[in-house]
Each structure stands twice: as structure tokens, then as C-alpha cells.
Amino acid sequence: MPIAEARVETDRASRYLAQLAQHAQQMGRHANYRPRAHTSGNSHTPPEVQHAEWTDTHGIVRLSLGQWTMQAAADTLMLRAEADNEEDLQRIQELLALRLEKIGRRDHLTVTWQRLEATGLQPGEPAPAEIPQPKNELQHTTGARRRWPMGVVGGVVALLILAHLVLGGSVLAVSRWLGWGAGAVVLVIVLAKVIGIGALAARHGHLHTRKRKETA
């Protein structure tokens, strides 16, 4: 569906909105209404007005060719014309522009149309491409593991190593009660766990450094 929109600068937008809607309503009430041609060679009969309604800030007029909608702001009147084909859209644009420029001649109003895609937006509402998007938005992946900061990891590793060293010292202190063989076995286990914890800490630091280089 082809769509065109026009932004008319005026501090009496609400007044012109009402005048356009009232004119369309008059056309709908008088089926045989034929306005004088505004330009030579314009042999088009006016379209049938099927419905017209409006408030101080919004209005809609449905025609046999399509429709136009209006939105009044403090200093702007937004117009949007919609039709099923290019020819009908052009007729609605001409009809609406000629009427508004006629009733707004004292204010020197002009209507300049711009084509839009059919997005279903209200008059004056920004298209999705015009809405600013947040920059550097973090993307969350379902099931992604959270990486702890290096300071936290280092502190945990240091505490675990310290605890195992204390445990190893305790084993040596009581080895005379357990026997040197049993004490040596426990001490080997403690040392293996300390080495394993250190290796895990080193691997985490390597991954953290590589990730920082990739994102730099």
C-alpha cells in the first residue's frame, strides 16, 4: 500500500485539522457535491467520502480511494495519505494539498509530500530505523558461564593453598602418631592438590588474558 506523509509548519494546526475534516464531512453528506476545478484539465470527480471523525489533535477521513489521517501538534500539522495504488494516492494528495493551501493561504501554507513505506505507524511517529538503539549492548547467551574477576580467583586460590599447607604441616606434626608411611601418603595428596589448584589458576589467567586481547 503506497503511503505519503507531509509536515506542515503552522501554529494553528488544530484549527486546520478541524476545517479539513469538516469539509470532508460536508462532501460526504452531499453525494452530488462537485467543487469547481482548481486547475485546468482536472476532470476528476471528487471521491466518495465514507467516514470522517476528528478531535482537537487527531482526525481520519476514509474515502472510496483510500484514507488520510491528521495529527495536530503545537506548531505542526502532520498529514498522511494512504491508497491501494499510485493513481489513487496521487489524487488524495492533490485533493488534500489544494484544500489546505486554499484555506491556509493567509498563512502561506504549503504541502510537500514524502513517500513512506507501509509500516502501520501513526502520523509523525518515527520509523523503526529512526529510533536510536543503545550502543555496546551486552549480548546474553543462554547457558553462558559467568567468568569471575582475576582478583577474586587469585584470592580463592591463595586461601586454598594456604589451607592445604596448614593441613600438610599438621600432618607432619602428628606423623609420629600415625606413622611416617601414612603421613607421607597424606602429604603427597596435599601437595598434589596444591599443584592442581595452581594449574587451574594459571589456566584461568591465560584464558582471561586471551579474552582481553580478542576484545581489544
Side-chain angles (χ1 to χ4, degrees), residues 1-140:
M1 175 181 290
I3 300 174
E5 188 174 90
R7 181 187 299 268
V8 182
E9 302 295 332
T10 174
D11 56 359
R12 295 192 286 183
S14 182
R15 174 183 173 182
Y16 288 122
L17 182 153
Q19 287 182 301
L20 289 172
Q22 290 169 359
H23 176 70
Q25 188 179 66
Q26 285 294 112
M27 291 175 59
R29 288 176 179 175
H30 301 84
N32 297 324
Y33 175 77
R34 292 291 184 274
R36 290 178 297 178
H38 297 281
T39 60
S40 60
N42 184 3
S43 59
H44 284 307
T45 58
E48 177 188 354
V49 178
Q50 300 172 343
H51 178 74
E53 64 177 87
W54 67 95
T55 65
D56 290 340
T57 56
H58 295 82
I60 182 170
V61 176
R62 297 190 179 93
L63 311 170
S64 56
L65 304 178
Q67 70 176 25
W68 83 69
T69 52
M70 302 170 285
Q71 180 174 310
D75 56 0
T76 306
L77 176 63
M78 294 297 305
L79 306 173
R80 172 174 289 196
E82 304 176 42
D84 292 331
N85 55 67
E86 296 289 342
E87 182 181 358
D88 290 345
L89 180 65
Q90 185 67 27
R91 289 183 61 188
I92 295 174
Q93 289 178 243
E94 292 176 356
L95 175 68
L96 191 52
L98 289 170
R99 184 59 188 176
L100 181 57
E101 290 175 357
K102 179 180 180 180
I103 63 178
R105 59 185 179 275
R106 293 184 178 179
D107 292 336
H108 307 288
L109 299 186
T110 57
V111 180
T112 303
W113 294 99
Q114 293 182 343
R115 293 300 302 271
L116 299 176
E117 297 297 329
T119 60
L121 300 175
Q122 295 300 317
E125 187 177 351
E130 299 175 358
I131 300 176
Q133 299 295 330
K135 296 181 179 179
N136 299 326
E137 183 178 359
L138 295 178
Q139 297 180 351
H140 299 279

Between Ala83 and Ile92, which heavy-atom pair has the shortest distance, and what is it?
-> CB-CD1, 4.2 Å
Can you tell me how far CG of Leu20 sits from CZ of Arg99, rounded to the nearest 0.5 angstrom?
-> 7.5 Å
Looking only at heavy atoms, the pair that brings Met27 and Pro47 closest together is CE-O, 4.2 Å
Output the distance between atom CZ (Arg62) and atom CD (Glu53), rounded to the nearest 0.5 Å.
-> 6.5 Å
Trp68 side chain reached by Leu63 side chain, heavy atoms, under 4.5 Å = yes
What is the minimum heavy-atom distance between Leu17 and Gly59, and which atoms define it?
-> CD1-N, 4.1 Å
Can you measure from CG (Leu89) to CZ (Arg115) and round to the nearest 0.5 angstrom?
-> 5.5 Å
Are the side chain of Glu5 and the backbone of Met78 linked by a donor-acceptor contact shorter than 3.5 Å?
-> no
Residue list, side-chain contact (heavy atoms from CB on, under 4.5 Å) with Thr55, at least two apart or on another chain = Thr57, His58
In Å and rounded to the nearest 0.5 Å, what is the CG to OH distance from Leu77 to Tyr16?
-> 10.0 Å
Report yes or no: does Asp107 contribute a side-chain atom to a donor-acceptor pair with the main-chain N or O of Leu109 at less than 3.5 Å?
-> no
Measuring from Glu82:CD to Leu116:CG, what's the distance to the nearest 0.5 Å?
-> 9.5 Å
Run the side-chain contact (heavy atoms from CB on, under 4.5 Å) check on Leu79 and Trp113 step by step: do they pass?
-> CA-CA 9 Å; Leu79 306 173; Trp113 294 99; 4.0 Å; yes
Minimum heavy-atom separation for Thr69 to Gln67, with atom names?
-> CG2-NE2, 4.1 Å
Roughly how far, to the nearest 0.5 Å, is the CG atom of Leu95 from the NE2 atom of His23?
-> 6.5 Å
Would you check, one step at a time, whether the test side-chain contact (heavy atoms from CB on, under 4.5 Å) holds for Leu96 with Val111?
-> CA-CA 9 Å; Leu96 191 52; Val111 180; over 6 Å; no
Between the side chain of Ser14 and the main-chain N/O of Asp56, is any donor-acceptor distance below 3.5 Å?
-> yes
With a 4.5 Å limit on heavy-atom distance, are the side chains of Gln25 and Val49 in contact?
-> no
